Each structure stands twice: as structure tokens, then as C-alpha cells.
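Everything on this sheet refers to the single structure shown next.
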Amino acid sequence: MSQVQAVKSGIQMSTFEVASTSGPLVGACAIPLGNEERIVTWGAFGLEVWSNEGGQGFVQLDEAQGTTVSGGIVKCVHVVLQQQHHLLVMDDTLRLSIWHLDSLMLVRRCPSEFKAWHLLPKAEDSSERKVVALVQEAGTPACQLKIINLTHFEEEYGLNVAEHSLLMPTSDPESISILELRNTANTDNLAAPTQASAASLLVRCLEPSQPTNRFYSLLHKQRFDDAQQLARQFGLDEKLVYEVRVNHLLDQLDQVPDDSMLEQLQAALADVEEAKFVVDSCLNASFASIEGTMTVLEYAETRMAQLASNDSEGQALRSRLLCALKRLGTFKMALAKPFDPVEWHGFRQADMLNELISCLHRGKLGVAATIWARHESEYELIENATAIFPALPDSLGSKRFIPWLQHQVLPRMHRQDHVFALDWIFGRACSMELTEKATWPQCSLDLLKAADVILVAYTDAEGDSTEISKLIPDIHSTHPRDIADRLCGRHVATSSSSANRDPALDAAKDISKLRLELLDIQFLINNAVLPLSLAEYQLESPESILFALLERVAAADLLPDVVESEVKPYAARHGCDVADVLLKYIKALSTGAQSVAVTGSTWSSRALGVIACLHTTEAKAKATLILMSSVSVPCHPEVDELIEQARGWQHSQKKAFDEQYRILNLKKMMLPYGITSFNMSNAALARGLMRRILSNLDVPTAFEDALQVVEAYHNLTKHEAYCHRIRVLALAEQLTEAVSLFASLPA
């Protein structure tokens, strides 16, 4: 790995911008000239030459328009002619021309239009360069293949070929291959076939007759003994025969893997003296079983001891072999089906990180865990944690990957990756509400527990992530940030220290807060059968959740059982006073802020049920006072009974209770007069109320009732009540009653 890192650090890349107003860039090629590097670009704008001397950056040296009217260049190749650098250029009229690189001057131009052309490789015994081209003959359907010497654009060879022909690239300067479309019935006809069914493809190869070509031909025909004899006769490369024989066997094994060919391959490799070739051949051999593959690798290891030295190249070869043997062991451990040599070669050459990520993407966690366990330290896979975590698909069950993360991955995380890991765990735990509904929130809690190995780094010496359970009662009464600070053994940061706070600490706080929320949701599900989503829970408070527990009770007489089994445990969990919560609930019922759960029931009946759950006289008195202040008249008999009982209680609300009792009696007194709703707090309405009662002659106690109203409001007097009543009696011609009332008028 150190050598790989050294190579990577030695790679330098330079970029520069090519800007042209004449059209887009079609192509570019790099031309190294000693200490100077040149770049040639071409397109509709012609040619441009750029230079980078001494690594100072690219600058444009020269430019030239093409020789056509538009000046467009479609292809350009660097070529050395007579020890000088030239450019072989095809313009948009399909004509070839040669340009001198340094001066960017046109040297010569070929008048013919070429359909296609290739620059032939340079021959070892010649400095001349040649081009093979296809030229369309005017007036005929045939094409002509031409070999042109670039020194003077002279044609050296010509051959008529089919109308539809294609030059095939070649690395042999003395071999030219061409693909032709001919008529099946008449292959001598060069015109294009008129029907697809009558067409056939022909491959033609042109080459001179030389011992070298004969040698290569014998090798191509797998006549290795004849090729070996010819090599000895003419002094050709006999080692090439051995290598081609081995490659031929490898090709056969690629097509049909067969362990019986192992001895043949070893016999062929016995003649090869090059250690690198032996190692490469053994690595690339395809056998039908893992045992055959292991045998050939062990053979390579034996030959390495005989051929390779202890220099860097020999050590590199040994390292490749050991790596292949280790990977073969991994492949065998992860193998769940018959051995496939194609899959083995893919695994042998694969980047372990990419292979690990691919296995995770496909849900093959067992294979991924095997790769991690055997190769993590070898390839430093933990350095790429940011790519490994997202590879876990959402469809993969948490029970499968949590043990692997908890015991293998997270303990090896570097501190600089803690933020990423905690953020990923936080997001995955939240998403499990949708992906693993059946086991949520326990599955999310299990994943958060796996993060303890990281969270412990952000607690004090005595702290532990299990301290979370102690913070549950304060989850809503304390700010989440303060909870996390307590968990991590830290004080709340001041404004000056907040700027320098470790981002991982904030991520740890988010994890801790989420754990508390999920534990609370789990408690509600298990103990109160109140399922809440995470989003719904985060919008609630302990008090609103307690109200929800009360509100969902179908009947008022069931409230005491619910308070004992559900309300009190949850209130104790959050440090809430049950009596205070029940009083607030009664208040909410009385003001209409809390709806009535069951159609047909009244809020007062639910209030009576809640009051029955209160155990102190003081709390009952407060609740009764709330009930009296909002209850409508006539009251339910049970309400009246409770009020009468409350009159005998000893409590601190006695004065307020008596006042409310008097007001309630006034409300009851108004019922015979058709008054069911009256704002008792508005004194301005009192005089109208008094006169309405005094004007009623059907109720015998009307005058006494009116005097109760006078006593209730300081702005009214008895004299005013007497006068209004006498006037009403007089107008009703009840003079006897009027005189009698007048006689009783106080002095």
C-alpha cells in the first residue's frame, strides 16, 4: 500500500482552458518534447499549439486555419518524419495534409479524398511512415485500398476492395486487415449487396512473406513445435513460443475450465524463465474448482522461489501471490454456490472497497462481513467509512447489520469520522419508523445502542451512555441541549465556547435526545397502548400526552382505573404531579379547550369521574370550585350532591368556595324566570336582572329573589327594589299587595 500511495502522490495533473470563438473543440493530443510538453487542439477553428515548458503552465504558441474555405479540422495525428515533428491532418473536405509542428507551416497536401485512413505502426528496420487509406473511385461502386508513403505522398500499393469496406486497426506495420461486405452469391462483385440476406462479411489480411511473418503465422495456428523449430533455424525469439503456448492453454481454460489441464499448464510454464510471466499466467488461469486454482497458485509460489530475486520487483510479485492466496481464502469462505472461475477472477482483481460496497448494496451482508474481517487492515477500509455506511440499503433489516456495525465497524472508527457515523445512525434510526414498522421503536433503540462505543468518548470518566435512563423524567421539563450536556458530563457552553464546540458533541446530543424520545414512545406503546409516531410525539408535551390518555377513555366511570394504570406511571416517569395534571384537565374541560370523548356525555360527568381520582381534600376542593364556576344549571344531581358534601370540607379555598356557592344559587334562582345564562361578573347588567325578576307576578318569591340580587351587587339598593316592585303591583292593579309592601318599606 505504501508503494501505491507513493505512485499516487507522484501523479501530477495540469489543466488549462481552451477558448475559441470559431467553434467547439473536436480533439486534442499531447506531444512530449523533452522538458517541454505541447498540446495540439483542433476543430472548426483550425489548429492551435499550446506549450508548457518547465511546468509554468500552458500558453498558446501558434495557430493556423485549415486550407479549406471553412478551415475545419476533423482529425490530427502526431508523426515524426525525417527526425522532425509533424502533424498529419485531415480537414473537413476529407483531404490529408502534413504540417510542420514548430512553424505550423503546410508542408504538403494530398489531392485525394479519403473515406478512412490509419497511420501504420513504424517498422523496426525503417524510418519511413506510411498511411493505409480507403479512396472512393469516381464513377465506380468500388473502393481502392492504398498504401501511401508520407515522405512524398507517393502511392506504394493499391488494391480494389468492396464498396462497403472498413479498415481494421493493427499493431503490425507489415499486416493490414480489412473488413468487406460482399455479395454471398458473387464474392467478386465489389458493389454493395441489394439485400441483407445476400450479404456476407469477409476479412482480408495483407502481409509480405517473411520468416518473421511465417513464425507468427505458425504461432497463430498453434503449431508450436514447428514455430519452435523455425525460431531456432532463423534465430527468432524462442521464448515467445513458450509464452504463446501458455497463453493458448489459458485461452482454452477460459472457454472450458478443466482441472485436468493443470499438468499441461505446469509443463508449459516449466520452459518459461521469466518470473513475472509465470505469476501472471498462474493468476489468470481458470480452473473448474477452487482446489485447482489453489494448486496453480502454490505452483507459482514454488517457481517464485526458483526464479525471483529479492529486489523490489521480486517482492512485488510475492506480494501479489500472497494477496491472491488470501483473497482465494476469502472467496472460498464467502462462496455459497459452485466455484465459478469468472467470478473468482473478478473478485481477485476487484477493489476491496468497491467489492464491499457492492455486497452491501446487494444485501450480501455475510460476504461483506467476511471481506471486512479479512481485509480491513490490509486495505484500510475504515478510511472510507463515509462510503460504506450509505451502502447499507433501506430494505436491509437492522437485526442483520447492527451486530456487524456494533462489533466490527464502529469500534474502529477514527474520531474525525464520528460526526458522520452519528449523523448516519441518527438518520437511519428515524427512517426505521417507515422501513421496519413491525419492530419500531425497538429496532431504532438497538441501532442507537450500537453507537454507545462512540458516545463513550463524549462522556466524563465516570459517565456512561446508560445514564440516559436516569434523564427520562426530565425529558420535557428540561431543554434537550441541557439533557445532552448532563449525559456527556459537560456544563452548558457559554457563547464564547460555543463557537469552538466539537461538532461530534452536538451529534452525540442528538443521538441521546432521540434515544430518550424513543424510550418514551416505547413506554407509551407497552404500558398505555398509545402508539405515537416520532413526529407526533415531538409535537406533544407530557401534559398533553396525559390529557390524551384521559381523553380516550370511553366512559367517565372508567377514569379511576385509567388514572391508576396509565396516568400515574407516565406522570411519575416525567416527574409530573398527578393532582395538578387532573386539575388542569378539569379546567380544560370546563373551558372547552378539551373535547369530550364520547358523544352524549357531558364534561361535568367526566369532571366528576376525575375528581373521584383525587385523594386530598385540598385537591378535591379546587376541582369542585372549578366545576362550580363553569357548570350549567340546573346541575346534575351528582354535581349537587358533590357541592353539598364540599360545603363541609375543611380547606384553604373556603372563602372562594362560599362565594362560588352563592353565585351558583343565584343561577338556580334565575331559572323560574327563564334566565339560563347570565354574566354574573358584569355589574352593569344587575339592575336589568333585578327589574326583570320584580316584574314577574307569577312567582310568589319574586321579591325575595330580587333582594338576593341586590345583596350580590353593591350598585343596587333595597329602596330601589321596593319602589320598582310597588310600581309593578300598582300597574297590575294589585293595590292591596302594593300597600302591604309599602307598609313594610324600611324607614
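Position 1 is the first residue of the sequence; numbering continues from there. Keep in mind that what you see is a predicted model, and the values were worked out from it rather than measured.
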I need the [X] [atom1] to [Y] [atom2] distance, nearest 0.5 Å.
X      : Y      : atom1 : atom2 : value
Gln442 : Met432 : CD    : CE    : 11.0 Å
Trp344 : Leu283 : CH2   : CG    : 8.0 Å
Met294 : Lys332 : CE    : NZ    : 6.5 Å
Gln522 : Trp440 : CD    : CH2   : 10.0 Å
Cys282 : Gln266 : SG    : CD    : 8.0 Å
Leu549 : Ser544 : CG    : OG    : 9.5 Å

Shortest non-hydrogen contact from [X] toward [Y]:
X      : Y      : value
Ala450 : Val453 : O-CG1, 3.6 Å
Val581 : Cys576 : CG2-CB, 4.2 Å
Ile425 : Ala451 : CD1-CB, 3.8 Å
Arg348 : Asn284 : NH2-OD1, 2.9 Å
Leu356 : Ala368 : CD1-O, 3.3 Å
Tyr537 : His574 : OH-CE1, 4.4 Å

- Message: Tell me if the NZ atom of Lys568 is crowded by more than 12 foreign heavy atoms within 6.0 Å.
- Response: yes
- Message: Using a 6.0 Å cut-off, check whether atom NZ of Lys364 has over 12 heavy atoms from anything other than its own residue.
- Response: no
- Under the side chain to side chain contact (heavy atoms under 4.5 Å, CB included) criterion, do Tyr379 and Asp351 qualify, and how do the steps go? CA-CA 9 Å; Tyr379 296 100; Asp351 180 276; over 6 Å; no
Taking the side chain as everything from C-beta on, heavy atoms only, tell me whether [X] gets closer than 4.5 Å to [Y].
X      : Y      : answer
Lys509 : Asp506 : yes
Leu550 : Leu582 : yes
Leu262 : Glu291 : no
Arg362 : Val367 : no
Phe420 : Pro390 : yes
Leu514 : Ile511 : no
Arg374 : Met333 : yes
Thr330 : Ile371 : yes

- Should Phe401 and Leu360 be marked as a side chain to side chain contact (heavy atoms under 4.5 Å, CB included) after you check the CA-CA gap, both sets of side-chain angles, and the distance that decides it? CA-CA 10 Å; Phe401 68 79; Leu360 292 177; over 6 Å; no
Keeping [X] on the side-chain end and [Y] on the backbone end, is there a donor-acceptor pair under 3.5 Å?
X      : Y      : value
Arg303 : Val272 : yes
Ser444 : Ala429 : yes
Glu243 : Phe277 : no
Asp259 : Ala288 : yes
Ser512 : Ala508 : yes
Thr370 : Gly366 : yes

- Could you note down all residue pairs passing side-chain hydrogen bond (donor to acceptor under 3.5 Å, both in side chains) where residues 385-405 supplies at least one of them, sequence neighbours left out? Ser398-Glu436
- side-chain hydrogen bond (donor to acceptor under 3.5 Å, both in side chains): pairs with one or both residues in residues 408-428, sequence neighbours excluded: Glu376-Arg412, Glu383-His414, His418-Tyr458
- Using the side chain to side chain contact (heavy atoms under 4.5 Å, CB included) rule, pick out the option among Leu410, Ile388, Val409 that qualifies with Ile382. Val409
- Query: Under the salt bridge (Lys or Arg N to Asp or Glu O under 4.0 Å) test, which residues partner Lys584, sequence neighbours left out?
  - Reply: Glu543, Asp580
- Task: Walk me through it: do Glu566 and Arg552 pass the test side chain to side chain contact (heavy atoms under 4.5 Å, CB included)?
- Result: CA-CA 12 Å; Glu566 298 178 7; Arg552 66 177 184 159; 2.9 Å; yes
- Message: Can you tell me how the ring of Phe331 sits relative to the ring of Phe339, calling it parallel under 30°, perpendicular over 60° and tilted otherwise?
- Response: perpendicular
- Message: I'd like to know if Glu355 and Arg327 make a salt bridge, using a cut-off of under 4.0 Å between side-chain N and carboxylate O.
- Response: no
- Query: Out of Asp446, Asp520, Asp452, which residue meets the salt bridge (Lys or Arg N to Asp or Glu O under 4.0 Å) rule with Arg515?
  - Reply: Asp452
- Query: Yes or no on side chain to side chain contact (heavy atoms under 4.5 Å, CB included) for Asn527 and Tyr570, after CA distance, side-chain angles and deciding distance?
  - Reply: CA-CA 9 Å; Asn527 295 274; Tyr570 190 76; over 6 Å; no
